Amino acid sequence: MSTTLERPEGAAADWTIDQGWDAYTPEEHQTWLTLYDRQASVLPGRAADAFIHGLEALDLRGQGIPDFRRISERLQKLTGWSVVAVPGLVPDDVFFDHLANRRFPAGNFIRAASQLDYLQEPDVFHDVYGHVPMLTDPVFADYMAAYGQGGLRAMGSGQLHQLARLYWYTVEFGLMNTAGGLRIYGAGIVSSRAESIFALEDPSPNRLGFDLERVMRTLYRIDDFQQVYFVINSLDQLLADTLQDFGPLYARLKAAPDLPVDAILPTDRVITRGTQAYAHGKQQAAE
Ligand code: PHE
Ligand code: FE
């Protein structure tokens with residue numbers, strides 16, 4: 001998401017392009033399979049049931065990088081969503097308009113085989129493997145569409161930076177409480193082998209109960225593992241909490257100071273009080 005992008009030649013007014021599925025090389029398909037199989041070895045028992053079911057329902061391993069036409073056909077039947085190809089990041093209003101209309105914009109390129117863990121921009125593995133399985137869940141599907149509408153509204157009131165934190169701490173880095181323990185549903189985590197383990201098992205990060213207003217005040221980092229994860233009790237709860245009119249919330253948030261990534265407030269429901277050892281170690285190494 002960004003507002004200073006220029007639409008590449010060949011992209012439609014809504015920034016979509018042809019996926020160009022026939023042009024993927026055998027090496028690129030192999031990169032998908034390698035990444036898929038790495039995640040298959042860490043996600044059972046860590047990823048939320050809805051995510052695992054979504055992978056299966058869409059047959060996302062397949063023979064390599066999925067054809068968006070094929071997964072859209074299945075997804076349409078399940079929740080009315082489809083996947084459209086875009087060249088990379090798209091402007092905020094374009095992004096939200098796609099979501100509000102149940103189209104998930106996904107990058108069509110894949111990372112280099114020599115850089116499996118390095119991403120400058122979200123690629124097809126992050127976008128499709130990470131995001132699309134959850135869109136098979138009817139409640140999450142509704143949440144994402146509502147978020148798109150909410151995004152257009154937040155742009156109008158100048159509070160998009162606060163709504164963007166909700167996306168970050170749920171859609172990208174969300175954890176869920178289940179009878180079997182904490183599970184991952186955030187795309188930024190499930191598409192990363194290292195963070196899939198870190199987010200659940202490392203003693204470093206804080207894990208706090210999800211609170212909408214609290215989340216929308218919390219800064220986030222885009223350069224490394226998160227220092228805090230917010231834990232929802234269920235997707236139903238997430239949707240119920242966010243379907244309310246955000247008008248009064250935005251009014252309160254205007255005057256509310258931002259919270260640093262490692263803050264723990266007296267009002268927080270603390271699930272894990274992190275040591276922050278990982279983040280502090282990185283900081284020292286950099287000094
Ligand atoms: N209910 C929010 C609003 O009134 C929109 C929204 C829904 C935002 C779901 C995020 C997720 O603006
Ligand atoms: Fe993402």
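Worth saying up front: this structure is predicted, and the values here are computed from it rather than measured. Atoms within a ligand are numbered from 1 in the order they appear, just like the ligands themselves.
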Novice: Nearest heavy-atom pair of Y250 and A154: which atoms, and what distance?
Specialist: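 Reported closest heavy-atom pair: OH-CB, 3.4 Å.
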Novice: Could you tell me whether D117 and R38 have a side-chain N and a carboxylate O separated by less than 4.0 Å?
Specialist: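 A salt bridge links D117 with R38.
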Novice: G150 to ligand 1: N or O pair under 3.5 Å?
Specialist: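 No; the residue has no nitrogen or oxygen that sits under 3.5 Å from a nitrogen or oxygen of the ligand.
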Novice: What protein heavy atom lies closest to atom 3 (C) of ligand 1? Include the residue and the distance to one decimal.
Specialist: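 In this structure, atom 3 (C) of ligand 1 has R153 NH1, 3.3 Å as its nearest protein heavy atom.
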Novice: Among the clusters formed by ILVMFWY side chains lying less than 4.5 Å apart, do F109 and L119 turn up in the same one?
Specialist: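 Shared cluster, no.
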Novice: Atom 8 (C) of ligand 1: which protein heavy atom is closest, and how many Å away?
Specialist: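 Nearest neighbour among protein heavy atoms for atom 8 (C) of ligand 1, to 0.1 Å: F246 CE2, 3.6 Å.
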Novice: Does T136 reach the main-chain N or O of V132 with its side chain, forming a donor-acceptor pair under 3.5 Å?
Specialist: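 Not a single qualifying donor-acceptor pair exists.
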Novice: At the Fe ion (ligand 2), what is the angle formed between atom OE2 of E172 and atom NE2 of H131, rounded to the nearest 10°?
Specialist: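 Rounded to 10°, it measures 100°.
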Novice: Check ligand 1 against L243 and write out every atom of the ligand that is under 4.0 Å from a heavy-atom position of the residue.
Specialist: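 Near L243, the atoms of ligand 1 are 1 (N).
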Novice: Which ligand 1 atoms, with their elements, are less than 4.0 angstrom from a heavy-atom of D245?
Specialist: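 Going through ligand 1 atom by atom, the ones under 4.0 Å from D245 are 4 (O).
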Novice: Compute whether any side-chain donor of one residue and acceptor of the other, for Q19 and Y24, lie under 3.5 angstrom apart.
Specialist: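 Yes, side-chain donor-acceptor contact under 3.5 Å.
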Novice: May I ask you to check whether Y143 and Y167 place their ring centres under 6.0 Å from each other?
Specialist: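 Not close enough - the centres of the two rings lie 6.0 Å or further apart.
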Novice: Please check whether Y250 reaches ligand 1 - meaning an N/O of the residue sits under 3.5 Å from an N/O of the ligand, judged on distance alone.
Specialist: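 It does not: no N or O of Y250 is found under 3.5 Å from an N or O of ligand 1.
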Novice: Using 4.0 Å as the upper bound for N to carboxylate O, is an ion pair formed by R273 and D268?
Specialist: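 No, this pair does not count.
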Novice: Hey, which atoms in ligand 1 end up nearer than 4.0 Å to a heavy atom of L166?
Specialist: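 Counting atoms of ligand 1 from 1, those under 4.0 Å from L166 are 10 (C).
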Novice: Using distance alone, determine whether Y147 and ligand 1 share an N or O pair under 3.5 Å.
Specialist: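 Between Y147 and ligand 1 (N or O atoms, distance only) the closest approach is not under 3.5 Å.
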Novice: Measure across Q39 and V190 and return the closest heavy-atom pair with its distance rounded to 0.1 Å.
Specialist: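 Shortest heavy-atom contact: NE2-O, 2.6 Å.
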Novice: At a non-hydrogen distance cut-off of under 4.0 Å, which region of Q149 contacts ligand 1 (side chain, backbone, both, or neither)?
Specialist: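 Neither; no heavy atom under 4.0 Å.
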Novice: Is there a polar contact, in the sense of an N or O pair closer than 3.5 Å, between T242 and ligand 1?
Specialist: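 For ligand 1, there is an N or O atom that lies under 3.5 Å from one belonging to T242.
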